[in-house]
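Here the structure is a predicted model, which means the values were calculated and not measured.
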Amino acid sequence: METLRILHTNDLHSHFEHFPKIGRYLKKAQADKSVSEVYTFDAGDFMDRSHPLSDATEGQANIELMNKFNYDAITIGNNEGISNPHWILEKLFDHADFPVVLANLREEDESMPKWCTQDKIITTKKETRIALIGLTAAYPMTYGPNHWHVKMLKNTMDDLLPKLEGKYDMLIMLTHIGLRMDRWLSKNYPQIDLIVGGHSHDLIPNGEKVNNTWITQTGKWGNYVGDIHVEISDDHKVRKITPTTVPVASMPEVPGDEEVIQGYREKGKEILEQQTVAELPEKFKDDKTAAIQVSLDAIANFAGTDLAMLSSGLFLAPFKAGKLTKYDMQKALPHPMHVVRSTLKGTDLWRLVMEIEKNRHYLEHFPLQGMSFRGKIFGQMYYKGIKVDHRRRIVYVNGKEIDPEKEYQIAGLDHYVLVPFFPTLSIIGDNEFLFPQFLREVISDYLAKNYPVKQEVKKK
């Protein structure tokens with residue numbers, strides 16, 4: 001009989017406050033002599049540029065810390081693949097001590113990215129062959145503009161599994177596709193023994209068995225660590241899989257943890273504070289409305305439109321007067337969102353505005369989670385170039401009543417296409433996702449151009 005211990009994480013999202021405890025737990029478990037072998041995996045979204053250290057180092061700090069966790073393999077999530085520009089992902093794993101398995105992502109010329117492999121075979125000391133396949137969320141709408149070709153899950157599995165047939169005894173999937181799609185995999189590919197999953201932030205304390213397949217997921221942010229016991233017979237057949245999850249809150253703290261955690265944030269802050277974005281006039285001092293208005297101008301300029309819309313809940317802090325640093329911008333707008341240019345006929349733009357106005361009071365204090373959102377509430381929607389006569393239900397565009405047959409373009413965010421509040425935008429809109437810069441970079445570039453830092457004149 002062979003026994004394996006499989007440790008796993010998912011959706012860490014740069015929550016470094018849990019890393020000291022997780023690191024100690026993994027190190028102790030990896031030294032477990034009561035089992036034949038121990039393997040450690042991660043299922044993606046380990047990086048989140050809402051943390052100043054991840055942002056300042058373009059994820060290299062994450063890789064450095066993850067190297068200490070001694071992963072045997074990982075896959076990537078949408079935060080690595082979409083929130084990062086193409087060129088940053090290309091070099092993200094240059095110093096990684098672990099392999100990246102990812103079967104459903106290609107370069108635009110259909111070649112395999114140099115930093116990953118579609119599958120990997122691990123052979124245990126007792127000659128059991130374990131096949132690993134990685135999958136990331138299949139979002140062509142956002143991977144495509146970032147110059148990647150993401151393949152659909154069925155096409156990927158139907159192509160790869162026949163090639164691996166007879167080459168493994170146990171099949172483990174590292175997936176960042178969410179619980180619903182993990183269940184779909186389990187129902188359609190019974191040869192899968194275990195799915196180490198992520199993306200949907202589901203906590204499955206003792207796993208979930210669907211047909212022949214065990215599905216595991218540890219929630220989000222490193223709040224839990226997965227710990228699975230596997231029994232394999234002498235003829236290399238999987239006999240038993242027992243998933244468990246361990247709350248990080250139950251793990252002991254040691255003196256110095258808090259200093260280490262704070263040190264990560266301070267280091268990121270220090271790097272970002274050294275980079276000045278712009279020098280803003282007094283009108284921006286503690287005025288969130290001024291920040292929103294200039295941000296509307298920024299995204300409209302970036303998208304090449306006259307019209308724009310932004311919600312106030314995105315702005316966690318106003319911009320300050322005087323020198324504005326990258327840290328100030330990161331603190332105010334930590335969201336990894338991208339600008340979208342939406343084209344709509346006048347009748348459809350009118351309907352979109354009516355949807356916004358209908359939901360305005362509901363959304364003003366609506367608590368929102370997910371969708372790359374890092375704030376607390378959706379807030380009020382602000383427009384550039386649009387005014388509404390509520391009594392007569394007339395929409396004015398740049399001072400003129402909207403033309404029902406004319407095409408209009410409006411700058412917004414991927415966030416507004418994905419949330420369910422404005423169906424016209426996602427159903428009717430011709431939505432072009434604009435890469436590679438994300439929201440705070442677009443606004444920072446605009447501020448730098450329009451409010452450049454004044455050069456200090458040296459006294460003779």
For the side chain of [X] and the backbone of [Y], is there at least one donor-acceptor N/O pair under 3.5 Å apart?
X	Y	result
D97	N67	no
Q118	V101	no
Q330	K269	no
R239	E231	no
S36	E2	no
H236	D169	no

Closest non-hydrogen atom pair, [X] against [Y]:
X	Y	answer
G222	I22	O-CD1, 3.8 Å
H338	P436	NE2-O, 3.5 Å
L160	A103	CD2-CB, 3.9 Å

Measure up the F421 and Y362 rings against each other and bin them: parallel (under 30°), tilted (30 to 60°), perpendicular (over 60°).
perpendicular

Students often mix this up, so state it plainly: with edges at 30° and 60°, are the rings of H15 and W221 parallel, tilted or perpendicular?
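Ring orientation, 0 to 90° scale: parallel.
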
Non-hydrogen side-chain atoms of [X] and [Y] separated by less than 4.5 Å:
X	Y	result
T128	L4	no
V225	M251	yes
M173	M157	yes

So, applying side-chain contact (heavy atoms from CB on, under 4.5 Å) with F98, which one of N70, D72, T40, I63 is it?
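When side-chain contact (heavy atoms from CB on, under 4.5 Å) is applied between F98 and each of N70, D72, T40, I63, only I63 qualifies.
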
Given Y39, which of V196, L132, T124, L7 fulfils the side-chain contact (heavy atoms from CB on, under 4.5 Å) condition?
T124

Regarding [X] and [Y], do their side chains bring together a donor and an acceptor under 3.5 Å, going by distance alone?
X	Y	value
S54	D48	no
D227	T244	no
N211	S186	no
T213	Y189	no
N223	H18	yes

Neighbour count >12 (heavy atoms, 6.0 Å) for atom [atom1], [X]:
X	atom1	result
E64	CD	no
K240	NZ	no
K220	NZ	yes

Can you check side-chain hydrogen bond (donor to acceptor under 3.5 Å, both in side chains) on H176 and N78, steps first, answer last?
CA-CA 8 Å; H176 194 86; N78 47 290; 3.1 Å; yes

How about Y264 and F19: are their ring centres within less than 6.0 Å of each other?
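Ring centroids of Y264 and F19 are no less than 6.0 Å from each other.
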
Kindly say whether the aromatic ring centers of H149 and Y143 come within a distance under 6.0 Å.
no

Carboxylate-amine/guanidinium contact [X] [Y], below 4.0 Å:
X	Y	result
R440	D55	yes
E270	K267	no
E208	R183	yes

side-chain hydrogen bond (donor to acceptor under 3.5 Å, both in side chains), that's the test. Do S14 and N62 meet it? Break it down for me.
CA-CA 7 Å; S14 295; N62 297 69; 3.0 Å; yes

